[in-house]
Amino acid sequence: MLYKSNQDLPLEIRNRFPEAYLDLYRAAFNSAVHWYGEVTKAHQVALSAVKMQSAMDKKAFV
């Protein structure tokens, strides 16, 4: 299951993150599905990518 747009993402993900992070989540998820072939693992990878980007963004403001 690949997500073609941010509107295709689950509601809990769309409500949780701003648009820029949704783009990152979707790209990471789709890539991980191709790589691992598992939706659960792809979700973990995508959340990790968003978490890492968020941490980097916060450091940029310090």
Side-chain angles (χ1 to χ4, degrees):
M1 161 173 76
L2 298 178
Y3 296 116
K4 294 181 181 181
S5 74
N6 292 348
Q7 291 301 318
D8 296 334
L9 294 171
L11 185 59
E12 67 183 48
I13 298 297
R14 289 195 325 254
N15 289 338
R16 186 172 175 184
F17 301 118
E19 194 70 23
Y21 289 142
L22 293 179
D23 292 338
L24 175 61
Y25 178 93
R26 184 169 46 88
F29 181 93
N30 289 344
S31 179
V33 164
H34 281 296
W35 185 259
Y36 297 107
E38 298 177 28
V39 171
T40 302
K41 180 72 172 179
H43 176 68
Q44 292 171 342
V45 168
L47 286 178
S48 180
V50 169
K51 183 177 177 181
M52 288 175 60
Q53 184 62 50
S54 175
M56 289 173 49
D57 290 348
K58 288 177 184 175
K59 285 184 181 180
F61 290 111
V62 176

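Start at 1 with the first residue, then count along the sequence.
- Between Val45 and Tyr36, some side-chain heavy-atom pair lies under the 4.5 Å cut-off.
- The two residues Lys4 and Arg26 make their nearest non-hydrogen contact at O-NH1, 3.4 Å.
- Taking the six-membered ring where the residue is Trp, Tyr3 and Phe29 present tilted rings, their angle falling between 30° and 60°.
- Met52 and Trp35 fall into different hydrophobic clusters, where Ile, Leu, Val, Met, Phe, Trp and Tyr side chains are chained together by heavy-atom contacts under 4.5 Å.
- Between Asp57 and Tyr21 the shortest side-chain heavy-atom distance falls below 4.5 Å.
- Scanning both residues, Ala49 and Leu24, for their nearest heavy atoms gives O-CD2, 3.5 Å.
- Here OH of Tyr25 is found 7.0 Å from CG of Leu9. Values are rounded to the nearest 0.5 Å.
- Leu11 and Leu47 fall into different hydrophobic clusters, defined by Ile, Leu, Val, Met, Phe, Trp and Tyr side-chain heavy atoms under 4.5 Å apart, directly or through other members.
- Shown here for Arg14 and Leu22, the closest heavy-atom pair between the two residues is CA-CD2, 3.8 Å.
- In this structure, Val33 and Ala42 approach most closely via the heavy-atom pair CG2-CB, 3.4 Å.
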